[in-house]
Amino acid sequence: MDTIAAIATPVGTGGISIVRLSGHDALAIAGRMIRLRKGTPVGKMRSWSVALGEVVDEDGDRTIDECIVVVMKGPRSYTGEDVVEIQCHGGPAVAEKVLSLAFRLGARPAQPGEFTRRAFINGRISLDEAEAVLNIVTSSSEAALFQASRRLRGELGALVGQWEDRIVDLLAVIQGAIDFPETIEADRNELLDRLEGLHREISAVLERAPLGLALSQGVEACLVGRPNVGKSSLFNALLSRDRAIVTDIPGATRDVLRETTEWYGLPVVLLDTAGLRQTGEVVEALGVERARTAAAESNVILYVLDDTQGIYPEDVEWLERWRDRNCLAVVTKTDLDKRRVDLGRLKRICGDRWVRVSGATGFGVEDLKKKVQSMYVGRGDPEALAPGSARQVDCLRRALEETETAIGYLEEGWTDEVIALALEGAASALMELTGKQVSSETLDRIFSRFCVGK
Amino acid sequence: MTKHGFDFDVLVVGSGHAGCEAAFAAARLGMDTGMVTMDVGNIAGMPCNPAIGGPGKAQIVAEIDALGGEMALAADNTAVEMRVLNASKGPAVQSLRAQIDKHAYAAYMGKKLRELGIRIIEGMVAEVLVDQGRVLGVTLGDGSRIRSRTVVLCTGVYLESRIFIGDEIIESGPMGEPNAKGLSSCLAQLGFRLGRFKTGTSPRILKQSIDWDLLVPEKGADKPVAFSFMSVPKTWNKTVCYSTYTDERAHEVIRDNIDRAPLFDGSIRGVGPRYCPSIEDKVMRFPDRKRHQLYLEIESEESDDVYILGLSTSLPEDVQYLMLSTIPGLSRAKITRPGYAIEYDFMVPSQLSITFEVQGVDGLFAAGQINGTSGYEEAAAQGLLAGVNAAMKLRGEEPLVLGRKEAYIGVLLDDLVSTVIEEPYRMLTSRAEHRLYLRHSNADMRLTPAGRRVGLVSDERWRAYCRKAELMEKGRAMLEAKVSGKAIKDWLRSPGKYIDDFFDQVPGLRGLPQEVLSEIEIEAKYAGFIERQDREARRLERYLDKRLPEGIDWRKVRSLSRETIDKLVRYRPATIGKALSVGVSPSDAMVILAMMRSGRLGPRAAGGNEERDKLAAGAHRAEMQEEGDRGQAGS
Ligand SMILES: Nc1nc2c(ncn2[C@@H]2O[C@H](COP(=O)(O)OP(=O)(O)OP(=O)(O)O)[C@@H](O)[C@H]2O)c(=O)[nH]1
Ligand SMILES: [Mg+2]
């Protein structure tokens with residue numbers, strides 16, 4: 001494949017930057033860029049070796065930076081192709097220069113995630129691992145990094161593999177007893193026991209799905225409320241910077257604003273929206289429509305109430321509509337001490353899901369962040385194993401349902417081939433994570449476990 | 001000499017189970033049919049155990065019957081006992097197994113060949129005559145030629161076969177018959193890939209040398225049963241099968257002599273079936289098993305040979321004697337023919353087209369063990385389809401092709417042409433994803449119309465089918481009747497409810513014949529599960545069954561590994577699932593899917609939108625591709 005190059009270290013951090021090259025000409029291009037101290041060419045370096053050198057420009061007369069070169073030859077490299085990593089000392093500006101030199105010598109800029117995609121295409125990593133790596137890349141907080149790296153080390157994969165193994169074992173007994181009735185017999189009580197055990201374990205991991213998803217992909221939190229209640233001020237306070245325009249004219253915010261941030265380890269995408277109201281003004285009406293959509297699609301709704309105005313009938317309507325969502329009532333402008341929002345009434349509508357803040361003074365803002373964080377992290381051990389992508393959650397959920405179905409069939413007294421149907425469903429749901437096929441796995445298992453045949 | 005200088009329309013090579021069904025089918029469809037066999041005295045022989053049926057196989061026999069083949073009728077006519085396996089399990093997996101009088105069976109099939117006017121020629125085929133990619137006939141060992149418009153190869157395990165009994169290696173076919181020489185190299189020269197398999201069989205012992213009173217009698221079926229829809233079901237209570245077992249003493253004999261087993265000393269190269277291990281295999285691989293069950297089956301009224309099911313072996317004859325001397329009831333047994341292992345060539349079946357015509361030679365068909373399968377039933381089914389399709393080809397009509405959802409035979413066909421066969425292929429219910437629907441009891445409803453379409457189904461069978469179909473319709477309508485506010489068919493979905501529970505409410509039911517009643521009951525009872533099975537199959541269709549675009553030159557597709565491209569070019573998998581099963585790595589399969597989805601591989605695959613909708617449905621949707629695009633460039 002053609003050679004791609006990119007700066008592998010996050011922009012603007014640290015003293016060293018790494019420029020990574022991968023592809024057919026990676027060694028050749030690096031060879032033309034770098035003069036090694038030893039005087040030997042880069043192409044002669046052994047795989048997985050490190051050497052000191054300097055990056056020189058095309059004409060070979062100007063040194064750009066001193067560098068450390070790491071060579072990893074395919075297929076034993078991250079991408080499965082020849083990979084060269086150039087560690088420069090001079091920070092991002094120098095790294096940019098090194099990178100543009102690589103481009104001039106024939107590399108092309110890597111697409112986002114392309115190194116990982118190549119690793120996947122070249123069979124170096126499984127789909128599961130690829131997802132985990134991409135989670136690491138996108139994750140912006142420490143807890144998330146930890147989740148993703150655990151998955152990368154294959155822990156979720158190992159667990160799923162173990163469940164899969166146990167289901168295939170059960171299938172081998174049941175299916176084996178159908179195909180080789182003279183030699184294999186299935187014990188239904190034992191089957192029930194084992195299925196119940198599996199069910200418990202899968203549900204325990206699935207319960208952590210919201211956490212896993214939140215940690216690896218972030219949650220969207222959306223500020224909504226009537227016009228002028230103080231959403232944009234709060235948006236700025238939560239981000240600790242002046243991002244949104246704040247005016248005392250109702251209907252100031254039109255489009256949806258989004259910013260990424262982090263609340264106590266939870267990656268958050270915070271949204272500011274137009275105030276909800278009926279309006280004849282076309283642009284504002286479009287904005288209101290967007291606000292409603294944004295709220296509908298977000299994970300957390302922060303419904304803002306103005307303490308100088310109290311609870312309006314439409315506030316009650318919205319709060320009730322979103323009762324079953326992760327919705328937090330946020331009473332702002334409390335610094336003015338008007339106390340128009342009747343807290344007793346608010347508690348009847350939202351239970352304990354409310355908080356008092358001020359966008360002007362920053363009072364209560366940390367409290368709000370903690371409340372949202374605890375909706376996710378608070379419920380469980382943030383470092384426990386959890387699925388980190390929608391695909392993983394979907395597979396696990398199906399596996400759980402099928403296990404439940406199998407237990408139901410057993411209890412109702414259905415015969416073995418019907419139970420096998422549900423077990424196959426469970427196994428195939430899990431195998432979607434690993435790419436195996438149920439029927440051939442089952443046959444292999446029957447033959448390895450049982451002494452069958454005439 | 002018939003038309004255009006040809007001796008035959010269809011020439012069948014081989015007189016085993018595939019050969020017989022192929023010849024019957026061709027002859028019944030009006031073809032001038034000939035059969036070449038190395039031994040006219042060996043028609044439809046049973047060199048392994050004298051039995052037909054069992055899980056997966058019984059369903060195939062019923063399907064052969066529904067299509068108008070002969071095996072089921074032959075079995076019903078020559079059985080000495082029948083049993084229902086899996087009687088305690090559901091109707092879809094209950095499987096009839098018959099013990100057959102093998103001499104009577106062979107006589108039955110021989111008579112049918114004569115009745116249908118099939119000309120039998122004794123001789124060994126040394127060469128297939130091919131000119132410009134078209135088959136012209138065959139050359140026999142003596143140099144004579146037989147010209148035929150189509151040729152169906154049903155040569156079983158005879159291609160370059162060798163027999164192993166201990167260190168004795170004999171170049172021969174099963175049961176000491178000569179093997180077929182030359183045909184293998186002819187096929188190789190025509191460009192076909194061959195593989196090598198092995199299988200084995202048990203010693204035959206003399207009936208009079210067995211202490212029968214030390215054995216356990218095995219009971220036959222207590223309800224009336226039959227393979228064919230045209231036979232009158234019979235109850236079997238004659239005991240013809242007995243069981244005994246090997247114990248530690250026999251296992252010790254095996255362990256002591258294992259160095260004399262060709263299976264273990266490396267002289268056998270062929271791959272054997274895992275479902276039919278030799279006794280030495282069982283003992284060595286499962287050292288914890290203290291006993292292995294054996295069944296004794298009398299082969300025929302006309303012979304004194306008894307088959308020992310479960311004692312397949314290639315140990316030397318003296319060790320076989322030592323082993324027998326430790327087995328209860330067999331201590332004085334006299335071996336009439338020692339057990340042996342046999343190794344043979346087969347044609348890699350991915351070279352077949354779905355009509356059983358081999359790709360690359362027009363008019364040449366192959367069926368049975370030559371395609372890497374094992375079992376009389378599997379062979380017969382292929383023979384039937386190959387015979388029909390040879391005829392359909394000559395007639396210029398649509399071939400008979402069955403799908404995985406229609407028949408076990410469809411599963412067999414599909415697995416053969418599109419997966420890698422790594423051991424002799426035997427049918428198992430585990431292979432059929434639609435097994436709740438593919439029952440013995442509804443094979444007639446599933447397949448008689450297809451058999452009628454090609455012309456194999458007689459008027460009598462067709463009338464019986466139509467009558468039953470009509471009664472089934474009536475019965476189904478009666479099950480719509482409501483009892484306590486719920487249709488009977490819905491009541492039947494619960495495990496404890498049966499159709500006779502509703503005779504009083506709907507007296508009309510009582511008038512229906514038993515086979516109709518039980519069939520509509522099964523339909524109602526399992527309807528939910530069958531829908532489920534369909535749903536699951538359709539869901540998989542979106543991934544595993546997603547069809548790969550046709551006519552792609554995979555060698556030109558970038559970003560796939562070399563191995564993957566080789567496999568795609570070689571096996572031409574039709575679907576993603578098949579690609580996986582021929583060894584394409586899951587990650588490459590995902591790449592192919594992604595390319596199809598992005599329209600980079602031929603036409604946009606159907607179902608893609610549905611998938612995208614599903615993805616868009618939630619807030620956190622991250623599929624590989626999209627996820628990657630959001631990632632940082634340096635990852
Ligand atoms: N004293 C005080 N004033 C506030 C506070 N929050 C907002 N305000 C004032 O309230 C007015 C409206 O504030 P915004 O933040 O623009 O309100 P909004 O909800 O975004 O309004 P729209 O975008 O028009 O819907 C401005 O004049 C703010 O200065 C607060 O916490 N304390
Ligand atoms: Mg605003």
Side-chain angles (χ1 to χ4, degrees), chain A residues 1 6-10 18 20 109-117 120-123 126-127 130-131 133-134 137-138 175 178-183 213 217 220 297-299 389-391 412-418 421 424-425 428 432 434-435 437 439-440 442-443 446-447 451-454, chain B residues 49 55-56 85-86 88-90 92-93 273-277 282 285-286 289 292-293 309-310 312 428-431 433 435-436 494-496 529 532-533 536 540 543-544 558-559 561 577 580-581 585-591 618-624 627-635:
Chain A
M1 268 188 255
I7 299 175
T9 36
I18 300 175
R20 185 187 279 162
Q111 302 284 310
E114 194 170 0
F115 288 96
T116 302
R117 202 147 58 224
F120 171 66
I121 287 169
N122 292 325
S126 75
L127 187 57
E131 273 179 354
V133 171
L134 291 164
V137 171
T138 46
Q175 203 42 62
I178 292 169
D179 276 322
F180 302 97
E182 282 120 335
T183 7
L213 288 173
Q217 298 173 7
E220 272 187 7
E297 286 176 354
S298 65
N299 304 101
S389 79
R391 199 177 67 89
E412 287 168 28
W414 286 103
T415 41
D416 292 359
E417 74 286 2
V418 170
L421 185 64
E424 272 171 0
S428 89
E432 232 173 85
T434 48
Q437 275 192 304
S439 61
S440 53
T442 307
L443 284 179
I446 293 176
F447 297 131
C451 180
V452 295
K454 39 194 185 176
Chain B
N49 61 316
L85 303 182
N86 287 329
S88 64
K89 295 171 191 138
V93 296
R274 288 175 299 177
Y275 49 80
C276 187
K282 296 190 211 177
R285 284 189 47 221
F286 297 93
R289 290 274 301 244
H292 292 280
Q293 190 88 17
L309 189 67
S312 165
L428 297 163
T429 66
S430 316
R431 299 192 197 274
E433 61 276 46
R435 66 178 169 275
L436 293 182
S494 37
F529 301 122
R532 236 190 96 107
Q533 212 158 50
E536 180 70 7
L540 284 180
Y543 298 95
L544 298 180
R558 303 196 315 156
S559 46
S561 71
L580 287 169
S581 67
S585 68
S587 54
D588 271 348
M590 295 303 292
V591 170
H620 302 288
R621 293 294 119 128
E623 255 223 334
M624 183 60 204
E627 180 87 341
D629 292 343
R630 261 190 278 129
Q632 189 177 318
S635 62

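Note on naming: letters A, B, ... go to the chains in the order of the sequence lines (proteins, then strands), and numbering restarts at 1 for each one.
Using modelled atom types, one side-chain atom of A/Glu417 and one backbone atom of B/Gly90 make a donor-acceptor pair closer than 3.5 Å.
A pairwise comparison of heavy atoms in B/Asn86 and A/Ile178 identifies ND2-O, 2.8 Å as the closest pair. Shown here for B/Pro495 and A/Trp414, the closest heavy-atom pair between the two residues is CD-CZ2, 3.6 Å. A/Leu421 and B/Phe529 get closest at one heavy-atom pair: CD2-O, 3.6 Å.
For the 3.5 Å distance criterion, the side chains of A/Thr183 and B/Gln293 fail to qualify, holding no donor opposite an acceptor.
Proximity of A/Glu182 to B/Leu85: side-chain heavy atoms (C-beta onward) are separated by under 4.5 Å at one or more points.
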